[in-house]
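First comes the structure, then the notes that go with it.
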Amino acid sequence: MAKGITTRASDYSKWYLDVIDAADLAEHSAVRGCMVIKPNGYALWENIQSQLDAMFKETGHQNAYFPLFIPESFMKKEAEHVEGFAPECAVVTHGGGKELEEKLYVRPTSETIIWSTYKKWIQSYRDLPILINQWANVVRWEMRTRLFLRTLEFLWQEGHTAHATRQEAVAETKLMIDVYRRFAEEYLAAPVFVGVKTAAERFAGALDTYCIEAMMQDKKALQAGTSHFLGQNFAKAFDVTFQDENGALEHVWATSWGVSTRLIGALIMTHSDDNGLVIPPRLAPIKVVLVPIWKDESQRAMMVEATDRLTKGWKGRIAFKVDDREQYRPGFKFNEWEKRGVPLRVELGPKDLESNQVILVRRDTGEKIAAPQEGLLEKIEQLLEEIQSALYQRARVFRDANTFEEDDFQAFQKLIEEPGGFFWVHWCGQAACEATFQETSKATIRLIPIDGSKEQKAAALFAASRRPLEYWWQNLISRIALILQPCGVRRIL
RNA sequence: CGGGGCGUAGCGCAGUCCGGUUAGCGCGCCUGGUUCGGGACCAGGAAGUCGGAGGUUCAAAUCCUCUCGCCCCGACCA
């Protein structure tokens, strides 16, 4: 069937790499831990970028660009931030053949360089809010890497906003995690849980880290995006103050939020199958591929001409490709475009020409549909939307079927190993208990839900569990943690 | 940094233990022909500092020493 692609069942990690290879998305570079994103992979990123960028603009943000290099002294200003990032930073010590007076960190994230700049931009409440995003590359010296999921250098966007009040900053943090949720659901076709991280998993320097967590086909979690409420930590570290309406001097409130090329990893692991990549139509660089079929030279000319006629007027309306290469037979082409995840294939052969029809083949289901040539573009557009929503539904059903509630810790320890999945469980809010969870079950707390959907249940479960009241974290008293299997690929920030 | 594995054609590998023709095989690539509704076939062809350096030897991909790099497992991971 799919030559060269390891099945998911036999070796999931190998399958993941095989899919990337088969779809020609990326490859390892000469530099350890760094990847080359090839045209097919980059086209996906460009589509992700343009959609997200539009969503950022809609919510009032503007793009800007800050330097790759950050003076060491900046990195060291915010205590938690230093501690969190120092171990994984690349540091430049020489420039122009001379040792630098002050070392320069290659940005692992840009809070420090940005807040040192915001200090100059902000004097009055009239200067706020500042709503800026930047598309950039960052470097984090990870010990183990996997293509798209964790590499030393990766591409991302990082939003950095400044506000006059706590409420406004919190609202911004929530707004942006909701933008990410919408993007994941409507474009990646990936259902996500939204919540906040525990203190242990929080961004270094944040008061709260909101996240979206998606379930991959191996039932493990992938952190797909984070949005941080930074409080006044960076404003204090960089002494960024403003005068309010009453003339009082106050520190500015901050947020930051980001998603990265890891989303491509999420896309692969959410939808792809043993035949290769599956791309949700809305993000597909090529949405339809047309394969004319012929037996001899004269037929070839006829079929290519028919294909041209059929696609007349499609340009600018839909991203399509006609594969009329002579050196490959149809079967080869079918397979090639399947591996590459093109959502829909149109076959057009002599028989179809006679009966004024085409054969449509869905990448997600493999279903073949005979359709009239009349009104083909409309039919295709409709099918693409169907595929988009079918992919979401399929992923949703899979996730829900593998998400459980469990009251009993002993039972949970067994279930997390087999069958695995996501588990809503009790957590008292104490770091010590979180550590125990992780040590004894190899599970991590992925998030604490914020949408209130679990609160009733939590209260009930809490009563039933008879745990001492003081173990509950006051702010989160009715929340339950989402816990799941440990995953080598669990965070983006 | 610890444990294990691997560097031979673009890719995947055999050959290395036990030194000895012109270093092979599959895929891919190039040329020509026949094919073409689910990964075509035939014929011909191009392509290699055997990771690097040094040594042993009449002779090294093969033996010895050093060295570089990569992969997997662990440690690490806001």
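Reckoned from all heavy atoms, side chains included, excluding hydrogens, waters and symmetry mates.
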In whole Å, what is the span from the CD1 atom of A:Ile445 to the P atom of B:C77? 17 Å
Could you tell me how far B:C17 sits from B:G33 if I compare only their P atoms? Round to whole Å. 48 Å
Between B:G20 and B:A61, how far is it from one C1' atom to the other, in whole Å? 13 Å
Of the candidate nucleotides B:C76, B:C77, B:G37, which contains the atom at the shortest distance from the side chain of A:Met143? B:C76
Over 60° means perpendicular and under 30° means parallel, so tell me whether A:His228 and A:Phe203 are parallel, tilted or perpendicular. parallel
Between the base of B:G37 and the side chain of A:Lys368, is there a donor and acceptor pair under 3.5 angstrom? no
Evaluate side chain to side chain donor-acceptor pair (under 3.5 Å) for A:Thr255 paired with A:Thr161, printing each intermediate quantity in order. CA-CA 5 Å; A:Thr255 83; A:Thr161 67; 2.5 Å; yes
From the list A:His160, A:His251, A:His81, A:Lys119, side chain to side chain contact (heavy atoms under 4.5 Å, CB included) with A:Phe234 holds only for A:His81
Can you tell me how far P of B:A78 sits from CH2 of A:Trp156, to the nearest Å? 14 Å
Is there side-chain contact between A:Arg146 and A:Ser13, with heavy atoms separated by less than 4.5 Å? yes
Under 3.5 Å for both donor-acceptor distances, Watson-Crick or wobble: does B:G2 have a partner, and if so which one? B:C73
Would you kindly give the CD-to-P distance between A:Glu336 and B:C27, to the nearest whole Å? 18 Å
Partner lookup for B:U57, please. Criteria are Watson-Crick or G-U wobble with both distances under 3.5 angstrom; report none if nothing qualifies. none
If you only use heavy atoms from C-beta on, which nucleotide in B:C77, B:G37, B:A75 is closest to the side chain of A:Pro350? B:G37
How would you label the contact of A:Glu80 with the nucleic acid (heavy atoms, under 4.0 Å): base, sugar-phosphate, or nothing? nothing
For the P atoms, the ones on B:U35 and on B:C71, what distance do you get once it is rounded to whole angstrom? 48 Å
What is the distance from CD of A:Glu326 to P of B:C30, rounded to the nearest Å? 14 Å
Tell me whether the side-chain N/O atoms of A:Arg329 come closer than 4.0 Å to OP1 or OP2 in B:G37. yes
If I pick the C1' atom on B:G24 and the same atom on B:U62, what distance separates them, to the nearest angstrom? 15 Å
Among B:A75, B:C36, B:G38, the nucleotide that comes nearest once only the side chain of A:Ile293 is considered: B:C36
Regarding A:Gly331, tell me which of base, sugar-phosphate or nothing describes its non-hydrogen contacts under 4.0 Å with the strands shown. sugar-phosphate
Span that lies between the C1' atom of B:G48 and that of B:G10, in whole angstrom: 12 Å
On a plain distance test, is the side chain of A:Arg300 in donor-acceptor contact with the base of B:C36 below 3.5 Å? no
Which part of the nucleic acid does A:Arg345 contact within heavy-atom distance under 4.0 Å: base, sugar-phosphate only, or nothing? base
Could you check how far CG of A:Leu149 sits from C1' of B:C76, rounded to whole Å? 17 Å
Nearest to the side chain of A:Phe334, which nucleotide is it out of B:C71, B:C77, B:G38? B:G38
Rounded to the nearest 0.5 Å, what separation is found between the NZ atom of A:Lys312 and the CG atom of A:Leu377? 14.5 Å
Suppose we define a pair by two distances each less than 3.5 Å, Watson-Crick or G-U wobble; what does B:C66 pair with here? B:G52
Could you measure the distance from the CD1 atom of A:Ile380 to the CD1 atom of A:Ile387? Nearest 0.5 Å is fine. 10.0 Å
Same-atom distance (C1') from B:A59 to B:A14, integer angstrom: 23 Å
Interatomic distance at P, B:G19 relative to B:C13, whole Å: 27 Å
Any strand: nucleotide that pairs with B:G37 via Watson-Crick or wobble, under 3.5 Å: none
Candidates B:C36, B:C76, B:G38 - which lies nearest the side chain of A:Trp294: B:C36
Under a 3.5 Å cut-off for both distances, is B:C25 Watson-Crick or wobble paired, and to whom? B:G12
Spacing between A:Arg32 atom CZ and B:C71 atom P, to the nearest angstrom: 7 Å
Take atom CG of A:Asn275 and atom P of B:G38, then tell me their distance rounded to the nearest Å. 15 Å
Judged by nearest nucleotide, the residue sitting upstream toward the 5' end of RNA chain B, A:Lys295 or A:Glu88, is A:Lys295
Checking all strands, does A:Lys351 fall into the base, sugar-phosphate, or nothing category for heavy-atom contacts under 4.0 angstrom? base
Applying the 3.5 Å cut-off to both distances, the Watson-Crick or G-U partner of B:C18 turns out to be none
Side chain of A:Pro330 (C-beta onward), nearest among B:C71, B:G38, B:G37: B:G37
Separation of A:Asp21 atom CG from B:G12 atom C1', in whole Å? 11 Å
Any idea how A:Trp115 and A:Tyr118 line up, ring-wise: parallel (<30°), tilted (30 to 60°), or perpendicular (>60°)? perpendicular
How many angstroms lie between atom CD of A:Gln49 and atom CG of A:Leu44, to the nearest 0.5 angstrom? 11.5 Å
Rounded to whole angstrom, note down the P distance from B:U65 over to B:A46. 40 Å
Checking N1-N3 plus N6-O4 or O6-N4 for Watson-Crick, or N1-O2 and O6-N3 for wobble, each under 3.5 Å, the partner of B:G32 is B:C42
